[in-house]
**Q** 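Sharing a structure here in structure tokens format.
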Amino acid sequence: MLDSMAARQTSMTTKPYADPKVGGSVPFESIPCPKDSICTSVPRSDASAERLDDETVNLLRKNLEGLFDDELCGSFINAVIANLKDKVVNKQQFKKFDGTILQNFDRIRANGGFWKDNIDLRGLFSNHLTITFGNDYFRPSGTGVVRWGIDEKNLTNLYPGLRPSGTEIYKMSEAEATALTLVHELIHGYYANGTGASHQEMALAAREAMAKLGIQGKMPPIIKENGDDNGSNYFDSALIKACSGW
Amino acid sequence: MVRIAVRSFIVALFVAFAGSQVVMAQEWKNIVPLVSTCSDVKKLLNVAECAHPWMKYETPKYDIYVDFITDKNKWNVSDDTVEGVHVVFHELVRLGDFETDLKDYSIRREDDVPEISIYKNDKKGISLSVQTGIAEGSYISSIFIYPSQDNRNRFKCKPSH
């Protein structure tokens, strides 16, 4: 088992990943704390945001496409998407985007686009690439965005249960990390008009996909013992297991 | 006379049906983490058996995921006890319809999806994923019921010395 995992992990390094560059500069509106909320996370300053150039976005797409060279990884991503269901709000139907993750990528590219943002690293993936719904990308003429900040290559925030031993830290290339981050953020964006998939929904969809595909191993909790949401970490852990053979 | 009897029967049938709908719509609320067991879940959800470590129960309006105890050293309860319940709504629930008093809730905005906020009441053991970017208002897309503060204190395994 360990040998096969090592083989899979080695094979990941041969994938056509390449590190993207950034360019352009188009600041966009910051998103205020929701009405009646006590926001404990500080809204980001978007003054430094830069739109990624075409070459970079092409590279991102290629990296995302590369994930599907691995049959298990591709099946996992498709299974997660299949597990998400249409939503109804106030008797109005909000259908899940009916397309593959690559088609969802193209949809974002044609609308809000991809952005670089120089923000502090706070989470496993969240500051590598973030998707925001506040600017209404998912409305037909909207300007929502996927934002991206690059400044960390080693995923040092991984939940300890994911590490092969208590001390070892899994390392992945920046390109691999951004491809997996893209998957995370694009799955948030399978719904329209502010009904994006929550981390909890994504974690539960990932758990079902793991069960269906026989992916096993120690996982972090979806919700921590104190009730704090840990769905984002759970989803990322499942994605890494499926796509990195770990 | 016959008409009155028929009408009464129809009304009774409607009341019984409506009552059963209310019960069906509330069933997950009666599953209490660290207290409810597989046999309670079977009765409440009307299922023949439980799947461990988690099981899914689907309805047209929402899916229920019941998580059973996985770490036997954490809680002083039997193995087939529920540890948590997730409810994912397909028909989103207006926040105000679910909870009118939010004063005991902490609110944290999701880092990477600013239009989702997590409302948590740690005393009750409830966490709500709330969509705040919908024009019609705030709607709950999923709920997690975890052990209440009282039950955490009551069933937590004491460290051995």
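In what follows, chains carry the letters A, B, and so on, assigned in the order in which the sequence lines appear, proteins first and then strands, with residues in each chain numbered from 1.
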**Q** Any carboxylate oxygen within less than 4.0 angstrom of a Lys/Arg side-chain nitrogen, looking at B/Glu91 and A/Lys85?
**A** no

**Q** B/Val88 and A/Leu204: side chain to side chain contact (heavy atoms under 4.5 Å, CB included), yes or no, with the steps?
**A** CA-CA 9 Å; B/Val88 175; A/Leu204 292 166; 3.5 Å; yes

**Q** Looking at B/Lys120 and A/Asn226, would you say the former's side chain and the latter's main chain have a donor-acceptor pair under 3.5 Å?
**A** yes

**Q** In terms of side-chain heavy atoms, does A/Glu201 have a donor or acceptor partner in B/Ser142 at a distance below 3.5 Å?
**A** no

**Q** When rounded to the nearest 0.5 angstrom, what distance separates NE2 in B/His86 from CD in A/Gln200?
**A** 6.0 Å

**Q** Just wondering, are more than 12 heavy atoms of other shown residues or ligands nearer than 6.0 Å to NZ in A/Lys212?
**A** no

**Q** Which answer fits A/Asp86, side chain, backbone, both or neither, if we ask what part of it has an atom under 4.5 Å from a heavy atom of chain B?
**A** backbone

**Q** Between atom CG of A/Asn83 and atom CG of B/Asp63, what is the distance when rounded to the nearest 0.5 Å?
**A** 9.5 Å

**Q** Between atom CZ of B/Phe144 and atom NZ of A/Lys224, what is the distance when rounded to the nearest 0.5 Å?
**A** 13.0 Å

**Q** With a 4.5 angstrom heavy-atom cut-off, which part of A/Gln93 approaches chain B: side chain, backbone, both or neither?
**A** neither

**Q** Once you round to the nearest 0.5 Å, how far does CG of B/Asp67 lie from CD1 of A/Ile222?
**A** 6.0 Å

**Q** Just how far is it from atom OG of B/Ser129 to atom CG of A/Asp229, taken to the nearest 0.5 Å?
**A** 5.5 Å

**Q** Might you work through the side chain to side chain contact (heavy atoms under 4.5 Å, CB included) test for A/Lys87 and B/Phe89, ending with a clear yes or no?
**A** CA-CA 8 Å; A/Lys87 295 181 181 180; B/Phe89 295 103; over 6 Å; no

**Q** So which part of B/Lys61 gets closer than 4.5 Å to some heavy atom of chain A, the side chain, the backbone, both or neither?
**A** neither

